[in-house]
Amino acid sequence: MTNRWKSIGLAALLAGLTLSASCAEAAGVLTIGRREDSTTFDPIKTAQNIDNWVFSNVYDVLIRVDKTGTKLEPGLAESWTTSDDGLTYTFKVRDAKFSDGSPLTAEDAAYSLLRIRDDAASLWSDSYKVIDTAVATDAHTLTIKLKNQSAPFLSTLALPNASVISKKGMESLGADAYGEKPIASGAFVVEEWRRGDRVILKKNPNFWQADRVKLDGVEWISVPDDNTRMLNVQAGELDTAIFVPFSRVEELKKDPNLNVDIDASTREDHLLINHAHGALGKKEVRQALDLAIDKKAIVDTVTFGQGTVANSYIPKGALYYYADNLQRPYDPEKAKELLAAAGASDLTLNYLVRAGDEVDEQTAVLVQQQLQKAGITANLQKVDPSQEWDMIVAGDYDVSVNYWTNDILDPDQKTTFVLGHDSNNNYSTNYKNEAVKELVAKARLELDPKKREQMYVDLQKMAKDDVNWIDLYYSPYINVSRKNIENFYQNPLGRFFLEDTVKN
């Protein structure tokens with residue numbers, strides 16, 4: 001899923017500039033440089049990669065996605081069966097413990113699923129409303145009955161936000177405290193969270209696969225400036241770093257002390273549009289914006305050829321991707337005509353830009369120049385990343401580039417979040433189309449693969465016609481690590497398999 005949202009601040013910048021080499025040299029402790037700090041450890045309250053990518057090694061889920069990012073495999077549920085009518089799922093929960101030593105039971109799994117379905121703070125409730133009941137018939141048997149058959153149901157159980165949490169721990173600590181220092185069900189436990197600086201994890205000795213984990217701990221360190229983060233890895237002050245700028249790839253490949261990993265991804269970058277702001281509520285105006293942006297030039301100039309032009313919100317290679325979806329040509333003159341017909345020839349936009357994000361800043365300048373050729377003025381507003389998400393949620397923007405990576409194999413998750421429900425104003429775009437929303441719900445229930453595929457083809461066409469946002473490009477994950485780090489790997493859905501990473 002998720003995206004690049006939220007919070008770092010000055011403390012993180014200073015931390016990036018003053019990293020101690022001794023930190024990176026700590027035996028068995030992997031240091032990872034990233035842009036943003038975490039926002040919460042309460043799984044249901046976030047839709048951000050900066051959280052979910054850490055969750056995936058602090059919590060475990062009933063069903064996992066494998067390393068290839070193409071298949072489901074057992075997690076805390078070692079096996080499961082489905083009734084003939086497709087409404088009842090029975091899971092055998094393995095013998096496992098939480099990080100505090102308490103037993104992890106089917107009751108905890110049931111509690112976690114009902115909480116993501118029912119809690120008012122859940123961002124993911126729509127995907128789990130299909131659950132009628134979730135009951136622990138004994139300590140190791142979880143029985144889930146659905147209101148109706150659901151094609152993506154098993155896939156949704158692999159969502160990091162549906163991780164199994166401790167019922168007793170949540171009820172005794174409360175959501176706020178649990179969200180600060182959770183009781184872990186995964187490979188690592190949160191030892192300390194220094195807000196704006198780093199999250200310090202240590203190996204969870206009670207993890208059911210503890211023998212698999214080679215590291216003593218992991219530190220996720222916030223270094224918001226891209227160039228500073230790369231220099232930290234080159235200097236040995238960080239073991240690894242994510243979000244390598246496209247412009248640095250070839251240079252870093254030549255460094256004999258580094259490995260640059262380019263992994264297949266489900267990442268799609270897009271330009272968010274706030275439909276609630278004046279002329280942007282008109283489809284013709286949004287279509288004009290799409291015509292006024294030269295995506296191929298962005299791919300060539302900004303991604304240095306690492307990306308490919310996107311034509312759908314569903315990423316290339318993902319389930320039900322429609323390769324023949326409309327891709328509007330770059331045509332600033334046609335854009336001018338549409339704007340004039342819509343009475344928006346003097347369109348001026350507030351373009352929110354993340355300061356310190358090299359790719360974001362380069363893209364903004366290029367898009368600003370392209371829009372100008374269509375008579376559109378884009379005023380670039382550079383903001384600290386700690387401000388950006390709050391501004392977008394508050395609707396204090398006209399356009400802003402963001403990205404999404406899938407968290408489950410099925411397209412239902414992303415489709416629901418960006419097109420088909422209201423709890424997040426469709427990814428803070430305020431996009432509204434009742435026919436689209438209805439089709440999103442129907443596609444979730446359709447079990448015939450051919451009929452379901454056609455529904456998602458139709459949804460991709462409808463989203464493109466409406467210009468819910470502007471698809472820009474698809475790109476791989478690009479990460480860098482020191483030569484002494486092995487198995488620092490990210491699957492296409494973004495999960496880091498840190499339980500297999502080795503620091504020599």
Evaluation steps, side-chain hydrogen bond (donor to acceptor under 3.5 Å, both in side chains), between Thr415 and Asp412 = CA-CA 5 Å; Thr415 304; Asp412 174 68; over 6 Å; no

Under 30°, 30 to 60°, or over 60°: which ring-plane class applies to Phe243 and Tyr403, parallel, tilted or perpendicular?
-> perpendicular

Thinking salt bridges, do Lys295 and Asp290 make one under a 4.0 Å N-O criterion?
-> yes

Check the pair His275, Lys432 against side chain to side chain contact (heavy atoms under 4.5 Å, CB included), reporting the backbone distance first and the verdict last.
-> CA-CA 9 Å; His275 297 217; Lys432 288 179 172 57; over 6 Å; no

Ion pair present between Arg452 and Asp410, side-chain N to carboxylate O less than 4.0 angstrom?
-> yes

On the 0 to 90° scale, with breaks at 30° and 60°, tag the Trp193-Phe41 ring pair as parallel, tilted or perpendicular.
-> perpendicular

Mind checking the CG-CG spacing from Leu352 to Leu272? Nearest 0.5 Å is all I need.
-> 10.0 Å

Side-chain donor/acceptor of Asp138 to backbone N/O of Thr141, under 3.5 Å | yes

Could you label the plane-to-plane angle of the His270 and Trp469 rings as parallel, tilted or perpendicular, counting under 30° as parallel and over 60° as perpendicular?
-> parallel

Flag the pair Arg115 and Asp42 as a salt bridge only when some basic side-chain nitrogen lies within less than 4.0 angstrom of an acidic carboxylate oxygen.
-> yes

Short question: side chain of Tyr178, backbone of Ile183 - any donor-acceptor pair under 3.5 Å?
-> yes

Is Asp216 salt-bridged to Lys503, cutoff N-O under 4.0 Å?
-> no

Is a donor on one side and an acceptor on the other found under 3.5 Å between the side chain of Arg354 and the backbone of Val359?
-> no

Does atom NZ of Lys442 have more than 12 heavy-atom neighbours, drawn from other residues, nucleotides or ligands, at distances under 6.0 Å?
-> no

Tightest non-hydrogen contact, residues Thr143 and Thr88, listed as CG2-CG2, 3.8 Å

Can you check whether Asp51 reaches Lys45 side chain to side chain, under 4.5 Å on heavy atoms?
-> no

Closest approach of Leu493 and Leu409, non-hydrogen atoms and distance?
-> CD2-N, 3.9 Å

Does Asp211 CG have over 12 foreign heavy atoms under 6.0 Å away?
-> no

Side-chain contact, heavy-atom cut-off 4.5 Å: Val65 with Ile408?
-> no

Any ion pair linking Glu486 and Lys214 (charged N to carboxylate O, less than 4.0 Å)?
-> no

Determine, for Lys97 against Asp100, whether the closest basic-nitrogen to carboxylate-oxygen distance falls under 4.0 angstrom.
-> no

Decide side chain to side chain contact (heavy atoms under 4.5 Å, CB included) for Gln454 and Asp458; before the verdict, give the C-alpha distance in whole Å, the side-chain angles of both, and the deciding distance to 0.1 Å.
-> CA-CA 6 Å; Gln454 185 58 53; Asp458 291 343; 2.9 Å; yes

Atom CZ of Arg444 and atom CG of Leu439: how far apart are they, to the nearest 0.5 Å?
-> 11.0 Å

CG/Leu87 to NZ/Lys145 distance, rounded to the nearest 0.5 angstrom?
-> 9.5 Å

Parallel, tilted or perpendicular: which describes the rings of Phe417 and Tyr427, with under 30° parallel and over 60° perpendicular?
-> perpendicular

Side-chain contact test, heavy atoms from C-beta onward, threshold under 4.5 Å: evaluate it for Asn52 versus Asp407 and give yes or no.
-> yes

Ser400 OG to Asp360 CG distance, which is reported to the nearest 0.5 Å | 6.0 Å

Looking only at atom types and distance, does a side-chain atom of Thr90 sit under 3.5 Å from a main-chain N or O of Thr81, one as donor and one as acceptor?
-> no

Closest approach of Val393 and Ser428, non-hydrogen atoms and distance?
-> CA-OG, 3.8 Å

Could you tell me whether the side chain of Ser56 and the main chain of Trp53 form a donor-acceptor pair under 3.5 Å?
-> no

Note, Val164 side chain near Val61 side chain (heavy atom, < 4.5 Å) = no

Can Arg194 and Asp37 be counted as an ion pair, charged N to O under 4.0 angstrom?
-> no

Pair Arg212 + Asp500, salt bridge at N-O below 4.0 Å | yes

Please report the C-alpha distance between Gln149 and Val130 in whole Å, then the side-chain angles of each, then the deciding distance to 0.1 Å, and finally whether the side chain to side chain contact (heavy atoms under 4.5 Å, CB included) criterion is met.
-> CA-CA 8 Å; Gln149 293 181 336; Val130 69; over 6 Å; no

Would you say Ile44 and Asn161 make side-chain contact, with heavy atoms under 4.5 Å?
-> no

State, to 0.1 Å, how close Asp261 and Ser481 come at their nearest heavy-atom pair, and which atoms those are.
-> OD2-OG, 4.0 Å

How long is the gap from OH on Tyr128 to OG1 on Thr156, to the nearest 0.5 Å?
-> 4.5 Å

Quick check: does any side chain N or O of Tyr397 sit under 3.5 Å from a backbone N or O of Glu388, one acting as donor and the other as acceptor?
-> no

More than 12 heavy atoms of other residues, nucleotides or ligands under 6.0 Å from CD of Glu107: is that the case?
-> no

For atom NZ of Lys92, decide whether the heavy atoms of other residues, nucleotides or ligands shown that lie under 6.0 angstrom number more than 12.
-> no

Could you tell me whether a side-chain N or O of Arg286 sits under 3.5 Å from a main-chain N or O of Gly281, the two making a donor and an acceptor?
-> yes

Hey, does the side chain of Asn426 reach the backbone of Tyr431 with a donor-acceptor pair shorter than 3.5 angstrom?
-> yes

Where the side chain of Thr31 meets the backbone of Asp239, is there a donor-acceptor pair that is under 3.5 Å apart?
-> yes

For the pair Thr303 and Ser475, evaluate side chain to side chain contact (heavy atoms under 4.5 Å, CB included) and give the outcome as yes or no after the intermediate values.
-> CA-CA 8 Å; Thr303 80; Ser475 64; 5.6 Å; no

If you count the non-hydrogen atoms of other residues, nucleotides and ligands that lie under 6.0 Å from NZ in Lys464, is the total more than 12?
-> yes

Any idea how Tyr474 and Tyr321 line up, ring-wise: parallel (<30°), tilted (30 to 60°), or perpendicular (>60°)?
-> perpendicular

So do Glu268 and Lys414 actually touch side chain to side chain, heavy atoms under 4.5 Å?
-> yes

Distance, nearest 0.5 Å, that separates CG of Asp357 from CD of Glu36 | 8.0 Å

Is it true that a side-chain atom of Gln460 and a backbone atom of Tyr456 form a donor plus acceptor pair closer than 3.5 Å?
-> yes

Under 4.0 Å between a Lys/Arg side-chain N and an Asp/Glu carboxylate O for Glu180 and Arg195?
-> yes

Taking every non-hydrogen atom, the tightest pair across Asn487 and Thr501 = O-OG1, 3.0 Å

Using side chain to side chain donor-acceptor pair (under 3.5 Å) as the criterion, list what pairs up with Lys437, not counting sequence neighbours.
-> Asp422

Under a 4.5 Å cut-off applied to non-hydrogen side-chain atoms, are Leu271 and Thr363 in contact?
-> no

Say whether Asp119 and Ser122, considering side chains only, have a donor N or O and an acceptor N or O under 3.5 Å apart.
-> no

Side chains of Leu201 and Val54: closer than 4.5 Å at any heavy-atom pair?
-> yes

Taking Phe496 as the fixed residue, which of Phe488, Phe55, Phe188, Tyr489 is the one that meets the ring-ring contact (aromatic ring centres under 6.0 Å, His included) rule?
-> Phe488

Nearest heavy atoms of Ser265 and Pro476, plus distance in Å = OG-CA, 3.7 Å

